[in-house]
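Below is one structure; the comments refer to it alone.
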There are 2 protein chains.
Amino acid sequence: MVPDRRDLIMDVAERLIRTHGYNGFSFREIAAEVGVKSASVHYHFPTKAELATAVARRYRKKFEAKVQDAEANGGSPVAVWRDLFRRALREDGRMCLCGILAIEGDALPAPVAGEARAFLDYGIRSIAEAPDLNDADGARVLAQLEGAMLLARSFGDPELFDRATQDLA
Amino acid sequence: MVPDRRDLIMDVAERLIRTHGYNGFSFREIAAEVGVKSASVHYHFPTKAELATAVARRYRKKFEAKVQDAEANGGSPVAVWRDLFRRALREDGRMCLCGILAIEGDALPAPVAGEARAFLDYGIRSIAEAPDLNDADGARVLAQLEGAMLLARSFGDPELFDRATQDLA
DNA sequence: GTCTATAATTTGATAGAC
DNA sequence: GTCTATCAAATTATAGAC
């Protein structure tokens with residue numbers, strides 16, 4: 001299943017947002033990496049807000065599928081979420097897309113901020129489904145995971161994520 | 001002690017960065033809020049990188065002073081850090097300046113990213129000085145605090161910070 | 001110190017040919 | 001679907017008058 005052009009554009013956009021944030025990438029930058037002109041990117045996604053919203057929604061859906069898959073294989077929600085973030089950090093050195101979008105917050109078009117919020121909301125509820133955990137625990141654990149990615153990214157050290165979350169393993 | 005123009009520019013810049021991030025504010029925006037023209041802002045801070053670096057350094061120094069002051073009054077490092085972030089979130093609804101700069105990471109001029117890293121490094125070491133805590137605990141607690149601010153900001157709900165960090169109180 | 005004016009570049013977005 | 005060409009606006013930054 002070869003990714004079509006639309007998917008490829010979203011792949012590049014996701015990587016750029018996770019590196020520079022919403023205000024830190026441009027249509028021309030995406031176009032250059034894909035190997036087309038910026039007008040072609042606009043053909044697939046008329047506005048920047050629509051592109052970012054589509055990227056955030058795909059990220060959330062993919063993440064939800066991964067969580068459900070891992071939990072079906074017997075993992076606890078806390079361990080599953082930690083492992084998913086840990087692997088993403090190791091593989092591409094980038095933090096959670098929705099964490100960075102959440103921080104840029106109300107400076108973003110409403111649909112983009114809404115998708116980020118929906119991701120975090122799912123995270124809190126999903127983690128809170130673990131035995132003996134409540135909603136406040138879900139928020140506590142997700143906060144620790146997002147913050148640990150923030151630290152690891154600032155220091156360029158994936159192991160800092162491991163140390164900051166070793167109590168969740 | 002009336003703040004001079006230079007301080008006022010830094011005040012506005014700090015607020016804007018904490019709302020929109022480094023790539024989300026402009027000299028003209030600062031100038032408009034201060035009541036001058038953008039060329040005057042350039043007189044005080046020749047480049048955007050220098051302005052952001054100065055703002056981040058001042059933020060770090062002020063925070064260090066607040067931490068030392070609160071600890072001198074008998075607070076434990078964990079409680080002191082939680083309380084300082086909690087109050088900032090309540091007072092102006094904005095998260096840690098260096099948290100947002102850390103996330104934008106390598107997309108930033110090196111001196112700016114360096115100041116953010118220095119703040120986080122101080123946070124980890126400062127918290128780890130609490131009795132019975134080590135460096136990994138410092139990273140864990142700071143991660144939880146930065147992540148809790150991220151969540152509270154995304155949902156526009158300061159109480160979410162309280163719930164996500166109630167175990168640190 | 002602040003201003004006007006402007007340079008040089010980048011941005012998001014559109015029109016229309018192919 | 002992709003291109004060339006272009007637009008209007010915004011950006012960082014500088015020169016020089018006052």
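Residue numbering restarts at 1 for every chain, and letters A, B, ... go by the order of the sequence lines. In what follows, every heavy atom counts, from backbone to side chain, and hydrogens, waters and symmetry copies are set aside.
- For the residue pair A:T53 and A:E50, no side-chain donor N or O sits within less than 3.5 Å of a side-chain acceptor on the partner.
- Regarding A:F25, its CZ atom lies at a distance of 17 Å from the P atom of D:dT11, rounded to whole Å.
- Residue A:S40 places at least one side-chain N or O under 4.0 Å from the OP1 or OP2 atom of D:dC3.
- Taking atom CD1 of B:I9 as the reference point, atom C1' of C:dT2 lies 11 Å away to the nearest angstrom.
- Both A:K37 and B:A49 sit near DNA chain D, but only A:K37 has its closest nucleotide nearer the 5' end.
- Listed nucleotides: D:dT2, C:dG12, D:dT4. Nearest to the side chain of A:A39: D:dT4.
- B:E50 has its CD atom 14 Å from the P atom of D:dT12, to the nearest Å.
- A:F27 comes within 4.0 angstrom of the backbone, heavy atoms only, and of no base.
- In the set D:dC3, C:dT2, D:dT2, C:dT2 carries the atom at the smallest distance from any side-chain atom of B:Y43.
- Under the 3.5 Å distance criterion, with hydrogens and angles disregarded, no donor-acceptor pair is assigned to the side chains of A:S38 and A:R28.
- A:Y43 and A:V36 are not part of a single hydrophobic cluster, where members link through side-chain heavy atoms under 4.5 Å apart.
- The CZ atom of A:F45 sits 14 Å away from the C1' atom of D:dG1 (whole-angstrom rounding).
- With DNA chain C read from its 5' end, the first of the two nearest nucleotides for B:R28 and B:R5 is the one closest to B:R5.
- Counted by atom type alone, A:R94 and A:T19 present one or more donor-acceptor pairs between their side chains at under 3.5 Å.
- Side chain of A:T47, nearest nucleotide from C:dA13, D:dT2, C:dT11: C:dA13.
- Between the side chains of B:Q144 and B:D167, at least one donor N or O lies within less than 3.5 Å of an accepting N or O.
- The side chain of B:S26 has D:dT11 as its nearest neighbour among D:dT11, C:dT2, C:dT4.
- Relative to the side chain of B:H42, the nucleotides C:dC3, D:dT12, C:dT11 differ in distance, and D:dT12 lies closest.
- Out of C:dG1, D:dC3, C:dA13, the shortest distance to the side chain of A:K48 is found at C:dA13.
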